[in-house]
Number of protein chains: 2
Amino acid sequence: MIGTTSSWDLYERGCPSRDLLDRIGDKWSILVLGELGEHGRSRFTELRNRLSGVSEKMLTQTLRALESDGLVLRTVHARVPVRVDYELTALGQTLRAPLRALTEWSLQHTDEVLAARAAYAARVEQGA
Amino acid sequence: MIGTTSSWDLYERGCPSRDLLDRIGDKWSILVLGELGEHGRSRFTELRNRLSGVSEKMLTQTLRALESDGLVLRTVHARVPVRVDYELTALGQTLRAPLRALTEWSLQHTDEVLAARAAYAARVEQGA
DNA sequence: CAGAATCCAATAAGATACTG
DNA sequence: CAGTATCTTATTGGATTCTG
């Protein structure tokens, strides 16, 4: 594997890395990965309760996609009632640092962005 | 500013940081910011040509949103024909590192993800 | 408990044609 | 050149109801 670099170009349409980026940059994916990263193995209901505002449909969809991408491991315990656990795979763990960098940035710069938006809106109001 | 931490919680609905995260995680936003980070100041047409597949509508929308958020500076040169430059603001520059971490991850792990998807599809085919 | 299925409203995205 | 305006399609997302 030494010396191999991926030959993909994010700036080309149809690039699979571009699609992947889009999926992990997804609203709920970021939050689900973040939660599983912080809390470790969690159940469906736990996730639903922690991710304020998520619908069951979106949570299921997101979890399935992440599972399919090999980022999340889904384990079904055959009891009654059934118990399902979700946790990050090894691959999913490698995504924690980059994602945390982004979420940290977002938290730290929200003030500035809100101020910029207000200023922009005021400018538009005046200008046009 | 010492000791101040933002009081927002990404896991709460309506959190402005959550919304912001969603905007910068957007498909075209990531690519526009990446391009401006790599190439520096660019014109509208240059961006359109470099971002394969983007429509003028989406490019305009994305640039306006980034400008409004204070991440991109738009400069109009009053000539005929008009010339418009886009470049990262200081705030936009601070986003380069986190975003690059994410795009790098994406490029480096696309193979694994594609393999995982294939395996998942095969499993589903068998199982159900 | 952990979803699956269905329906519907809202929004986003793309193509196309036009303009200061 | 750098958009804007308009139209149409696709996709998203949420609410609701039902089930092994």
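Residue numbers start from 1 in every chain, and the chains themselves are labelled A, B, ... in the order their sequence lines are given, proteins ahead of strands. As the structure is a computational prediction, the values presented were derived from the model and not from experiment. Every heavy atom of this structure was used, including side-chain atoms; hydrogens, water molecules and symmetry mates were not.
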If you compare every side-chain N and O of [X] against the phosphate oxygens of [N] (OP1, OP2), does one of them come in below 4.0 Å?
{"X": "Ser55(B)", "N": "dA13(C)", "answer": "no"}
{"X": "Arg83(B)", "N": "dA2(D)", "answer": "no"}
{"X": "Arg74(A)", "N": "dG3(C)", "answer": "yes"}
{"X": "Arg48(A)", "N": "dG3(C)", "answer": "no"}
{"X": "Tyr86(B)", "N": "dG3(D)", "answer": "yes"}
{"X": "Thr60(B)", "N": "dG3(D)", "answer": "no"}

Protein-nucleotide distance ([X], atom [atom1]; [N], atom [atom2]), rounded to Å:
{"X": "Trp28(A)", "N": "dT12(D)", "atom1": "CH2", "atom2": "C1'", "answer": "13 Å"}
{"X": "Leu63(A)", "N": "dA2(C)", "atom1": "CG", "atom2": "C1'", "answer": "11 Å"}
{"X": "Phe44(A)", "N": "dC1(C)", "atom1": "CZ", "atom2": "P", "answer": "11 Å"}
{"X": "Met58(B)", "N": "dA12(C)", "atom1": "CE", "atom2": "C1'", "answer": "7 Å"}

Sorted by position of nearest nucleotide on DNA chain C, 5' first, the leading residue of Arg64(A) and Pro81(A) is Pro81(A)
Do Arg18(A) and Glu12(A) meet the salt-bridge criterion of a basic N to acidic O distance under 4.0 Å? no
Query - N/O donor-acceptor pair, side chain Lys57(B) with base dA15(C), under 3.5 angstrom - result: no
CD (Glu35(A)) and CH2 (Trp28(A)) are apart, to the nearest 0.5 Å, by 11.5 Å
Taken to the nearest 0.5 Å, the spacing of Leu31(B) CG from Leu10(A) CG works out to 6.5 Å
Check: Is Arg79(B) touching bases, backbone alone, or none of the nucleic acid, heavy atoms closer than 4.0 Å?
Finding: nothing
Counting neighbours of CZ on Arg41(B) that are heavy atoms of other residues, nucleotides or ligands and sit closer than 6.0 Å, is the number greater than 12?
no
Residue pair Val82(A)/Glu56(A) against DNA chain D: nearer the 5' end by closest nucleotide is Glu56(A)
